[in-house]
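In what follows, a structure is listed as structure tokens, so that the remarks can point back to it.
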Amino acid sequence: MTETAPTVPELSRALIGAGQLFHARGWVPATGGNFSARLSPERMLITASGCHKGELTEADFLVADLEGQPIGTCRKASYETLLHCQLYQHDPAIGGALHTHSVANTLLSRRYERIRLAGYELLKLLPGIKTHDAVVEVPVFENDQDIARLAARVDAHMKQDPATPGYVIAGHGLYAWGATVAEARWRVEALEFMFECELRSQLLK
Ligand SMILES: CSCCC(=O)C(=O)COP(=O)(O)O
Ligand SMILES: [Zn+2]
């Protein structure tokens with residue numbers, strides 16, 4: 001059976017749904033966050049810069065190549081487009097990438113150079129993990145307004161550690177991805193849940 005490539009309306013719908021869910025959870029305040037999906041080996045659909053991610057419509061997306069150049073529009077793509085390009089260029093199996101600005105990922109990444117997650121059942125939603133009895137270290141990168149430089153740092157890390165399950169930019173937010181938008185969304189939900197647990201367990205100490 002041949003699989004047909006997902007269409008712009010289908011991918012927009014999936015990304016709009018992710019935005020509504022993330023906004024309801026408080027993970028994309030104001031215009032924070034950005035979302036994308038692979039359209040083809042060379043193209044992606046990505047949110048335009050400055051949209052409210054809880055109120056996205058199909059008009060808030062644009063098509064860009066994997067260098068980040070918008071195609072057929074003068075709208076400006078997300079300020080962080082090159083971080084999405086890095087993921088799609090790094091691994092042709094990546095089909096969706098989602099970025100959140102939660103309280104938990106912001107606070108933990110201001111304190112730690114990596115966020116250690118151990119013993120959680122939800123670890124099994126991360127690539128290659130089959131048991132709760134596992135330890136995952138989510139890398140934290142220093143924030144940088146030079147997104148090309150930040151993308152190069154992420155890329156160097158992912159080439160060294162291809163099992164990276166997601167990453168956090170310090171004081172800024174989480175990037176997670178998957179083969180589809182749905183899988184990327186589950187990974188964001190799993191990581192944000194575990195970050196929240198880590199944050200609250202610090203309050204219990
Ligand atoms: C308004 S939050 C600062 C920019 C940011 O971190 C973000 O995620 C949203 O930027 P975009 O250009 O994608 O709207
Ligand atoms: Zn951001």
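Order of listing sets the numbers, starting from 1, for every ligand and every atom in it. Keep in mind the model is a prediction, meaning the values are calculated, not measured.
- Taking 4.0 Å as the cut-off between side-chain N and carboxylate O, R25 and E189 count as a salt-bridged pair.
- More than 12 heavy-atom neighbours from other residues, nucleotides or ligands sit within 6.0 angstrom of CD on E10.
- Side-chain contacts under 4.5 Å among hydrophobic residues (ILVMFWY), followed directly or transitively, place Y167 together with M44, I46, L62, L66, Y79, L82, L83, L87, Y88, I94, F141, I147, L150, V154, M158, I169, Y175, W177.
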As a test of reading the model: which N/O atoms of the protein lie under 3.5 Å from N/O atoms of ligand 1, and at what distance?
unit_1   : atom_1 : unit_2 : atom_2 : d
ligand 1 : 6 (O)  : E80    : OE2    : 2.7
ligand 1 : 6 (O)  : H101   : NE2    : 3.1
ligand 1 : 6 (O)  : H172   : NE2    : 3.0
ligand 1 : 8 (O)  : G33    : N      : 2.9
ligand 1 : 8 (O)  : N34    : ND2    : 3.2
ligand 1 : 8 (O)  : H99    : NE2    : 3.3
ligand 1 : 8 (O)  : H101   : NE2    : 3.0
ligand 1 : 12 (O) : S49    : OG     : 2.6
ligand 1 : 12 (O) : Y79    : N      : 2.8
ligand 1 : 13 (O) : N34    : ND2    : 3.0
ligand 1 : 13 (O) : S78    : OG     : 2.6
ligand 1 : 14 (O) : G50    : N      : 2.8
ligand 1 : 14 (O) : K53    : NZ     : 3.4

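- For R153, the CZ atom counts as densely surrounded, since its 6.0 Å shell holds more than 12 non-hydrogen atoms of other residues, nucleotides or ligands.
- Note on H99: its N/O/S atom closest to the Zn ion (ligand 2) is NE2.
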Which pairs of donor and acceptor atoms, one on a side chain in residues 121-134, lie under 3.5 Å apart (sequence neighbours left out)?
unit_1 : atom_1 : unit_2 : atom_2 : d
E121   : OE2    : K124   : NZ     : 2.5
T131   : OG1    : D133   : N      : 2.9

Which pairs would a plain distance check flag for residues 192-199, meaning a side-chain donor or acceptor within less than 3.5 Å of a matching protein atom at least two apart in sequence or in another chain?
unit_1 : atom_1 : unit_2 : atom_2 : d
E192   : OE1    : S102   : OG     : 2.7
E192   : OE2    : T100   : OG1    : 2.7
E192   : OE2    : S102   : OG     : 3.3
E192   : OE2    : N105   : ND2    : 2.8
E196   : OE2    : R200   : NE     : 3.0
E196   : OE2    : R200   : NH2    : 3.2
E198   : OE2    : Y120   : OH     : 2.4

